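Numbers restart at 1 for each chain; the letters A, B, ... are given by sequence-line order, proteins then strands. Please read these numbers as outputs of a predicted model, since none were measured by experiment.
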There are 2 protein chains.
Amino acid sequence: MDKFDQQILALLRADARLPVSQIAREVNLSRSAVSERIRQLEHSGVISGYHAHVAVPGEAAIKVYLELFYNGGRCEHYVELMRVFPEVRRCSGISGETDMLVYIEAPSMLRFSEVRGEIENFPGMQKVKTHMMVKDWVF
Amino acid sequence: MDKFDQQILALLRADARLPVSQIAREVNLSRSAVSERIRQLEHSGVISGYHAHVAVPGEAAIKVYLELFYNGGRCEHYVELMRVFPEVRRCSGISGETDMLVYIEAPSMLRFSEVRGEIENFPGMQKVKTHMMVKDWVF
DNA sequence: AGTGAAACATCTGTTAG
DNA sequence: CTAACAGATGTTTCACT
């Protein structure tokens with residue numbers, strides 16, 4: 001994890017679709033070297049994925065935390081199911097009784113209800129506890 | 001913004017580097033159609049960017065949600081007290097029994113314990129429930 | 001570790017039908 | 001939408017620093 005790796009990470013953090021050839025130019029390494037470094041960074045888990053940042057249609061008028069309780073199935077499974085909703089911004093597996101904590105931003109109460117309804121009907125879903133966010137400070 | 005767009009968004013959210021050709025296969029559209037749709041989604045701002053998710057070693061090694069239960073005092077009061085900790089990233093007043101949900105990122109377990117200890121000793125604090133984040137997906 | 005070059009498959013953008 | 005083409009890109013391998 002030297003200076004080159006850090007430069008590569010910074011570039012991919014800004015634009016995950018930057019071509020290897022261009023990265024090579026900017027950090028002054030060959031394509032093969034950059035390819036190999038990226039492969040290492042991915043394999044070692046430093047880069048956990050590449051994701052498009054999708055804006056919530058409308059605006060985030062409603063902010064909610066859902067507590068999910070389900071039986072069987074790994075959390076990865078449910079994450080894949082919830083990924084289809086742009087309103088789902090974050091899924092966190094946490095210690096304690098709750099299986100997963102899901103943060104949702106929706107443009108309206110109606111839309112939120114739709115999303116919540118679909119999540120409740122996921123196979124194996126046992127309970128969905130809703131926590132409307134009434135105040136919020138982000139630092 | 002029809003069903004196809006939503007499918008495309010879900011795929012790019014999961015893997016920003018998915019080739020257009022493969023997306024086309026999965027949603028049963030032609031490459032040109034998918035290319036055009038992605039172009040529209042980018043230009044209209046629905047897709048605001050593509051980013052590598054990087055786990056920086058040492059930075060935010062520990063992610064935790066705290067459930068705060070206190071008696072008396074408004075949440076604004078406690079927010080002011082917690083603002084002194086850079087590790088406190090978000091404070092949310094939510095509906096339900098829990099008075100406040102606090103998201104914390106700390107560089108080490110030791111440092112987190114210190115912060116948690118201080119929060120527990122805030123005047124009026126009744127209970128602090130810790131939820132270590134063991135898995136996490138941010139979209 | 002990195003370079004440069006080559007070879008090959010794949011992706012993309014752009015045409016034309 | 002399909003088909004086809006040209007150019008760019010990713011990946012791998014190799015000989016050589």
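Residues passing the side chain to side chain donor-acceptor pair (under 3.5 Å) test with A:S108: none are found, sequence neighbours excluded.
A salt bridge links B:R37 and B:D2; the closest N-O separation between the charged side-chain nitrogens and carboxylate oxygens is under 4.0 Å. A salt bridge does not link A:R39 to A:E42: none of the charged nitrogens lies less than 4.0 Å from a carboxylate oxygen. Between A:R111 and A:E114 there is a salt bridge, with a side-chain nitrogen of the basic residue lying less than 4.0 Å from a carboxylate oxygen of the acidic one.
Pairing each heavy atom of B:V27 with each of B:F4, the nearest pair is O-CE2, 3.4 Å.
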Is there a ring pair (Phe, Tyr, Trp, His ring centres under 6.0 Å) between A:Y103 and B:Y103 once you walk through the steps?
CA-CA 12 Å; A:Y103 175 58; B:Y103 174 58; over 10 Å; no
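Between the CG atom of A:D15 and the C1' atom of D:dT9 there is a distance of 15 Å, given to the nearest Å. What separates CZ of A:R37 from C1' of D:dT12 is a distance of 18 Å, to the nearest Å. Here the C1' atom of nucleotide D:dT11 and the CD atom of A:E42 are 12 Å apart, to the nearest Å. With rounding to whole Å, A:D2 atom CG is found 10 Å from C:dA1 atom P.
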Contact string for nucleotides 3-17 of chain C, one letter per nucleotide 5' to 3', B = base within protein heavy-atom range under 4.0 Å, S = sugar-phosphate only, - = neither, reads SBB-----SBB----
